[in-house]
Amino acid sequence: MNAAHAIRLEGVGVRLGDVDALRGVDLALDARTVAVIGENGSGKSTFARLLAGLVQPTAGTTQVIGLDPASQAGELRRRVAVVFSNPDAQIVMPTVGEDVAFSLRPDRLSRDESRRRADEALDRFGLSALRDRPSHDLSGGQKQLLALAGAFVRRPELVVADEPTTYLDARNARRVSEHLLADTGHRLVVVTHDLALAERCETAVLFAGGRVEAVGHPTDVIAEYQAALAC
């Protein structure tokens, strides 16, 4: 496989139970920001979980930021951060500050360094004043920002976001999108039904029936998707 590609799949299949969630996927991506679109059940969330090392391929070969998810799953999880649509699935500690700091535990930083990194993340996502607030008392938008802070505090090389704006109002969806798209040294793969967000990415991938139907400039791929929906 060509290690030059940040993401490369060759003949990849993923079978979940009795369902072929991905079938014969060939894909090579180098863009910094990639939108993944398609109807429910098209395979896009399985693709996201594959990149994050949360599911394993049952066929083909996969390379993500130079790593094989099957044989280097631990290293992949260290370098990739995942953001889900429901932030409650990611919030594990009782207070905002503790939750952000918890994400740094695998790095075994000193207490001072961990505190400094957590403070930076809280400030970046506008959560400093909420440091001692119970995590689950936050609004939906604040919880998603907390989930982002917990992801970005690790300084990941790749962020995989699966429908990160689904449950947010327009204001918070815009705030979350801005943080995800900002160039802070990370790559982004975002699964989304928000076509306005998809259009702001450098590349889009359209999934249908577990296969890749189109790859290219978001405007072109979105147009193909909308044409298919109109049929």
Peer 1: Under the side chain to side chain donor-acceptor pair (under 3.5 Å) test, which residues partner D68, sequence neighbours left out?
Peer 2: S71
Peer 1: Applying a strict under-4.5 Å side-chain criterion to I, L, V, M, F, W and Y, I'd like to know whether L76 and V25 cluster together.
Peer 2: yes
Peer 1: Give me each pair satisfying salt bridge (Lys or Arg N to Asp or Glu O under 4.0 Å) with a member in residues 77-86, each pair once, sequence neighbours excluded.
Peer 2: E75-R78, E75-R79, R79-E157
Peer 1: Between P69 and V64, which heavy-atom pair has the shortest distance, and what is it?
Peer 2: CG-CG2, 4.0 Å
Peer 1: Please list, chain by chain and in numerical order, all residues satisfying side chain to side chain donor-acceptor pair (under 3.5 Å) with D162, sequence neighbours excluded.
Peer 2: S45, R49
Peer 1: Any donor and acceptor pair, going by atom type alone, linking the side chain of E39 with main-chain N or O of A208 inside 3.5 Å?
Peer 2: no
Peer 1: Taking S135 for its side chain and M93 for its backbone only, find out whether a donor-acceptor pair lies under 3.5 Å.
Peer 2: yes
Peer 1: Would you confirm whether N86, through its side chain, and D88, through its main-chain N or O, come within 3.5 Å as a donor-acceptor pair?
Peer 2: yes
Peer 1: Short question: side chain of E199, backbone of A196 - any donor-acceptor pair under 3.5 Å?
Peer 2: no
Peer 1: Quick one about T95 and E98 (side-chain donor to acceptor, distance below 3.5 Å, no hydrogens or angles considered), yes or no?
Peer 2: yes
Peer 1: Among L50, T61, V212, find the one that has a side chain to side chain contact (heavy atoms under 4.5 Å, CB included) with L9.
Peer 2: L50
Peer 1: Taking D18's backbone N and O only, do any of them form a donor-acceptor pair with R15's side chain (distance below 3.5 Å, no angle check)?
Peer 2: yes
Peer 1: Measure the spacing between NE2 of H179 and CG of L148 and express it to the nearest 0.5 Å.
Peer 2: 7.0 Å
Peer 1: For the backbone of S110 and the side chain of S114, can you confirm whether one donor and one acceptor N or O come within less than 3.5 Å of each other?
Peer 2: no
Peer 1: Spell out, yes or no, whether L138 and V176 are grouped together once hydrophobic residues are joined by side-chain heavy atoms under 4.5 Å, including indirect joins.
Peer 2: yes
Peer 1: Is there a continuous path of hydrophobic side-chain contacts, each under 4.5 Å between heavy atoms, that joins Y167 to F84?
Peer 2: no
Peer 1: Only one of V215, I37, L195 clears side chain to side chain contact (heavy atoms under 4.5 Å, CB included) with V221; which?
Peer 2: I37
